There are 2 protein chains.
Amino acid sequence: MANKLAAASIRPTRQRVRIGQILWQSEHRHVTAEKVYMDCQEAGERVSLATVYNTLHQFRSAGLLREVPVNGNCVYCTNITPHHHFYNTETGELYDIPQDQMHLSQLPAPPSGMTVSGVDVVVRVKPNGGAA
Amino acid sequence: MANKLAAASIRPTRQRVRIGQILWQSEHRHVTAEKVYMDCQEAGERVSLATVYNTLHQFRSAGLLREVPVNGNCVYCTNITPHHHFYNTETGELYDIPQDQMHLSQLPAPPSGMTVSGVDVVVRVKPNGGAA
DNA sequence: TTCACTGCAAATGATTTGCAAAGCA
DNA sequence: TGCTTTGCAAATCATTTGCAGTGAA
């Protein structure tokens, strides 16, 4: 983990290493600052919320995390490979859509003077059993 | 305008009618509550910010407005026809992408028990002259 | 040792809410 | 007239920031 951070030019402090371990300990995850903070608490790690926010921002700036464009709170995705999301509008949960399961063709030309820096596709879904 | 609101089962109060006029007075627009509030002020209309927020929510619930999935503040789009957006990551501005200029194929099946209720595509762009 | 990082708590900004007064059907 | 809506300001919620103490190189 320290190497991973160092490779991204981020000084591997204890807090950052721990947060990194929590983020990438298992499968890809979708987290909020609050969630990471709680995970730290549970892991017995003493980290302040402010530091969690700072760290997530740094990780994102360094390209270690992706921010998912969903209204409301900041949600970060630990999967930085190209992919998209299903967004459960009832619960706010996110599920990955592997890139190869979605095809985007005919990307239009951006406004003049602009360069495309990324594309986010959010497929809104809702439980069909829930509301009649 | 009163008819439009009535058709959506929204009681056409003076404030709502005025807000509606401001929203749909011209071309399609992308607005925040704050923006609408300022427009009201300029138009000499006495409406409180809270009412603007409430009204925008109602209009959205009624399907008269679309919410654009961009992190940060709530942005509403007066164009409710299917379309997508360019998102200027430097300024936060949005530009419509007509539906026919973007093709989405192979929409993957949603998680079991879920129904797709909509798809949002946000193409992030940035000025290419800006930062070297 | 030095400068970056962290923690705390207060500050901020956007949005919501409670309650009394006013408006629409 | 009765019930909905509005307005104001205070309350919330998520996130950021200032500053003094702590830690990494």
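Remember, predicted model here, so these are calculated numbers, not experimental data.
- Contact check, T13(B) against dT6(D): a side-chain N or O comes under 4.0 Å of OP1 or OP2.
- Less than 4.0 Å separates DNA chain D from no heavy atom of any residue of residues 60-74 of chain B.
- Look at CZ on R18(A): it is 12 Å from P on dA24(D), rounded to the nearest Å.
- Among the nucleotides dT4(D), dG7(C), dC8(D), the one closest to the side chain of R46(A) is dG7(C).
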Worked verdict on V122(A) versus V121(B) for side-chain contact (heavy atoms from CB on, under 4.5 Å):
CA-CA 6 Å; V122(A) 175; V121(B) 177; over 6 Å; no
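- Between H85(B) and H30(B), the distance from one ring center to the other falls under 6.0 angstrom.
- Within the 4.5 Å cutoff, side-chain heavy atoms of E34(A) are placed close to those of L49(A).
- Position along DNA chain C of the nearest nucleotide to V47(A) versus A33(B) favours V47(A) as the more 5'-ward residue.
- Nucleotide dG7(D) holds its P atom 11 Å from the CD atom of Q41(B), rounded to whole Å.
- Note: CG (L49(A)) to P (dT17(D)) measures 15 Å, nearest angstrom.
- In this structure, C77(B) and L94(B) have side chains that are not in contact, with every pair of non-hydrogen atoms separated by 4.5 Å or more.
- Within a 6.0 Å radius of NE2 in H103(A), no more than 12 heavy atoms belonging to other residues, nucleotides or ligands are found.
- Between T51(B) and dG7(D) there is a side-chain polar atom (N or O) within less than 4.0 angstrom of OP1 or OP2.
- Distances shown here put every side-chain N or O of H57(A) at or beyond 4.0 Å from the OP1 or OP2 atom of dT15(D).
- In this model, the phosphate group of dC24(C) is not approached by any side-chain N or O of R16(B) to a distance below 4.0 Å at OP1 or OP2.
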I would like to know whether H83(B) and I97(B) meet side-chain contact (heavy atoms from CB on, under 4.5 Å); could you show each step before the answer?
CA-CA 6 Å; H83(B) 68 288; I97(B) 299 176; 5.8 Å; no
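- For the OP1/OP2 pair of dT16(D) and a distance below 4.0 Å, the side-chain nitrogens and oxygens of Y53(A) include no atom meeting the criterion.
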Steps toward side-chain contact (heavy atoms from CB on, under 4.5 Å) verdict (V68(B), Y87(B))
CA-CA 10 Å; V68(B) 183; Y87(B) 174 56; over 6 Å; no
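- The bend of the helix from dT1(C)-dA25(D) to dA25(C)-dT1(D), defined by the angle between the axes of its first five and last five pairs, stands at 40° to the nearest 10°.
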Run the side-chain hydrogen bond (donor to acceptor under 3.5 Å, both in side chains) test on R46(B) and Q41(B) for me, step by step, so that the C-alpha distance in whole Å, both residues' side-chain angles and the decisive distance to 0.1 Å come before the verdict.
CA-CA 7 Å; R46(B) 175 191 166 76; Q41(B) 306 269 288; over 6 Å; no
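- Atom-to-atom, CG of N54(A) to P of dT15(D) comes out at 13 Å; the value is rounded to the nearest Å.
- Atom CD1 in I10(B) sits about 15 Å away from atom C1' in dC24(C), given to the nearest Å.
- Residue Q15(A) places at least one side-chain N or O closer than 4.0 Å to OP1 or OP2 of dG7(C).
- When the C1' atom of dT15(C) is taken as reference, atom CD of Q58(B) falls 15 Å away, rounded to whole Å.
- Applying side chain to side chain donor-acceptor pair (under 3.5 Å) to D39(A) and the options Q25(A), Q21(A), R29(A), R18(A) leaves one that passes, R29(A).
- The side chain of A50(A) sits closest to dA9(C) out of dG7(D), dA9(C), dC24(C).
- Rounding to whole angstrom units, CZ of residue R14(A) and C1' of dA25(D) are separated by 16 Å.
- The distance between atom OH of Y37(B) and atom C1' of dT6(D), rounded to the nearest whole Å, is 13 Å.
- Taking the side chain as every heavy atom from C-beta outward, E27(A) and N79(A) never approach each other to under 4.5 Å.
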